[in-house]
Amino acid sequence: MNSIEEFYSLEKKSGYAESLFNDLSDINSRLNAFLNITRISGQNYPFSVKDNICVKNVETTANSKILKSYLPPFNATVVERMLSKNFDFIGKTNMDEFGFGTFGLNSERTPRNPFNEDYVAGGSSSGAAIATAVLKYHIAIAESTGGSISAPSAFCGVVGFTPTYGAVSRHGLIDYANSLDKIGLMSRSAKDIRYVFDIIKGPDNYDSTCIDIEKRKMQSDEGKGAKNTIFIINQINDLLDESVKSHFSGLVSKLENMGFAIKTIDFNLLDKAIPTYYIISMAEASTNLARYTGFKYGLKNNEFSKDYNSFFTESRSNFGTEAKRRIILGTFVRGASVKSKYYSKALKVRGLLIAKMKEILRQGFILSPTMPIMTPKIDDANSLTPVQNYGLDILTIPPNLSGFPHVSFPYDYDKGLPMGAQLISDHFEDYSLLDFVENWENSFKYQFKYNLGSI
Amino acid sequence: MLHAVYIVYVTYKQVTALGNSILLFILSVIFIIFIFLFWGMVLMDEQEFERLLHICRIKLQDAEKERIKKDIESVLEYFDTIQQIDTGNIVEYYHPIDIDERLRQDSESQFNDINLLLANSKTHRFYIVGPKI
């Protein structure tokens with residue numbers, strides 16, 4: 001039984017919804033999971049929505065001052081599909097501004113790890129992961145561009161599923177990088193994710209890039225990877241903290257005992273995925289963020305007597321530092337004199353990476369720790385330079401850049417903090433990941449510090 | 001650019017003073033032009049940075065400008081590492097998977113919540129008010 005079926009099978013006491021609202025508001029004042037919380041009926045299973053996905057008439061800002069007070073006049077397709085199945089919207093979750101971050105620290109309200117508040121929750125879907133870790137019955141609609149589902153899922157000890165690129169409609173998503181953005185899910189179990197993924201996936205007239213993964217799987221020879229073989233990339237050994245390495249080898253031994261064939265393989269291009277990803281994502285972000293001019297969405301600059309350029313420039317001072325940095329770099333790499341050197345080259349390297357990864361994924365899964373480091377303290381993460389920061393995405397970027405489905409799942413605990421591993425499969429093989437995690441959950445029990453809304 | 005002209009002029013004076021051949025002079029000019037172009041492609045100088053800020057319509061305070069400029073230089077060096085990769089005949093991947101071209105009918109449709117749409121802007125009648133162009 002998944003937790004949705006369990007929720008509906010239990011009788012709720014009167015005042016259940018009110019008490020949940022109060023408890024959640026109380027804990028939210030410390031952990032900053034939600035940017036706003038909506039009162040729910042208590043009769044329907046709740047779902048949260050990352051703040052870069054539109055919910056009709058609910059403030060949606062991608063956690064940026066430049067979209068402050070923007071009220072979407074429509075629901076994103078994914079929200080519409082959840083509401084049509086009687087799920088209750090419970091609130092918008094905290095995130096790095098426009099999804100620009102690995103630790104959630106590009107947010108004015110610092111998200112905190114639910115296992116220890118001195119530590120990061122991860123980003124950019126920070127709030128979605130915290131909400132999942134504190135609420136007993138809840139599923140989070142999140143979004144990933146370069147690891148924004150996997151990283152916070154690992155740090156907060158929940159299951160984070162990023163589907164094949166295009167499997168879920170992006171109509172109503174505030175774009176960061178169109179060729180990389182994917183809407184996905186976070187939950188406390190793979191069973192819940194399977195149930196909700198069935199609802200939200202599939203073609204949509206409002207998104208021409210949205211595909212039918214089952215149809216595509218049947219049409220091609222893709223997704224035929226052996227389901228009992230797991231590849232570990234040799235090159236990750238030099239990247240991992242000693243502690244991560246030690247815990248991860250424990251996981252590998254457990255999987256061997258469960259009957260999986262573990263093989264090692266070389267993937268020399270691994271470290272080149274990061275610059276490739278950042279060139280493409282910044283180039284696309286710089287064009288997407290050009291639409292924020294200070295009069296059409298959210299923030300209103302009423303200095304209409306100013307000329308267009310001054311008006312536009314003044315309005316855009318509301319972007320945060322990381323957003324400004326990415327707009328400037330993204331504009332630069334698209335420039336006529338350097339386009340072939342950076343942007344076009346990165347698009348070709350992406351092709352090469354996909355081909356190389358596909359060679360491996362046709363023979364089995366790829367497994368790694370989700371993050372190469374132990375959960376850092378907030379102060380330590382704040383002192384990283386941009387290049388150090390980007391470098392920590394090395395394990396989550398390859399599948400995101402290549403559109404391969406992947407899932408992060410808790411596999412161990414160290415000093416009270418959870419650790420996550422990431423499994424990648426071939427395009428359209430989304431369900432084989434969920435099968436794997438369901439199997440894993442039969443032998444490993446996840447731990448949670450909070451269980452708000454228990455019945 | 002004035003710097004380049006000045007360097008060419010100084011080089012010319014030195015070459016002629018030393019009585020070397022005109023060939024040496026031409027080679028020096030080619031070398032300087034190459035260095036100049038290459039330099040412009042790799043690093044972002046002050047002028048290029050200001051030009052970018054203008055294109056992006058981004059205005060930075062002095063402290064933020066210094067920090068971002070320094071960060072950008074190190075990020076660009078990092079980006080340069082993909083130049084070592086031989087991409088051979090690989091085409092540019094604009095999407096990670098093949099996306100079929102799917103077009104809709106070019107037909108009129110009604111948006112039901114026009115008032116909600118307009119509520120996000122300052123309006124005059126049913127127009128969105130913007131700055132003068």
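So that the names make sense, note that chain A is the first sequence line, chain B the second, and so on, each numbered from 1.
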Sub-4.5 Å side-chain heavy-atom contact between B:Phe79 and A:Lys341
no
So, do B:Asn120 and A:Tyr297 sit near enough that their side-chain heavy atoms are less than 4.5 Å apart?
no
Can you give me the closest heavy-atom contact between A:Thr209 and B:Arg102, atom names plus distance?
N-NH2, 4.3 Å
Applying a strict 4.5 Å limit to non-hydrogen atoms, the region of B:Ile82 in contact with chain A is both
Sort out for me which of B:Asn115, B:Leu53, B:Ile55, B:Val75 touches chain A most, counting heavy-atom pairs under 4.5 Å.
B:Val75
Flag the pair B:Pro131 / A:Lys306 as yes when at least one side-chain heavy-atom distance between them is below 4.5 Å, and no otherwise.
no
Measure B:Leu60 against the heavy atoms of chain A and call it side chain, backbone, both or neither at under 4.5 Å.
side chain
State, yes or no, whether a side-chain contact exists between A:Phe332 and B:Ile72 at a heavy-atom distance under 4.5 Å.
no
Side chain, backbone, both or neither: which part of B:Val91 has a non-hydrogen atom closer than 4.5 Å to chain A?
backbone
Please classify the contact of B:Gln61 with chain A as side chain, backbone, both or neither, using a heavy-atom distance under 4.5 Å.
neither
Heavy atoms, side chains only, cut-off 4.5 Å: are A:Ser317 and B:Lys59 in contact?
no
What part of B:Arg67 gets closer than 4.5 Å to chain A, counting heavy atoms only: side chain, backbone, both or neither?
side chain
Taking the side chain as every heavy atom from C-beta outward, state whether A:Phe295 and B:Val129 have any atom pair closer than 4.5 Å.
no
Need one label for B:Ile128: side chain, backbone, both or neither, based on atoms under 4.5 Å from any heavy atom in chain A.
side chain
Side-chain contact test, heavy atoms from C-beta onward, threshold under 4.5 Å: evaluate it for B:Leu76 versus A:Tyr342 and give yes or no.
yes
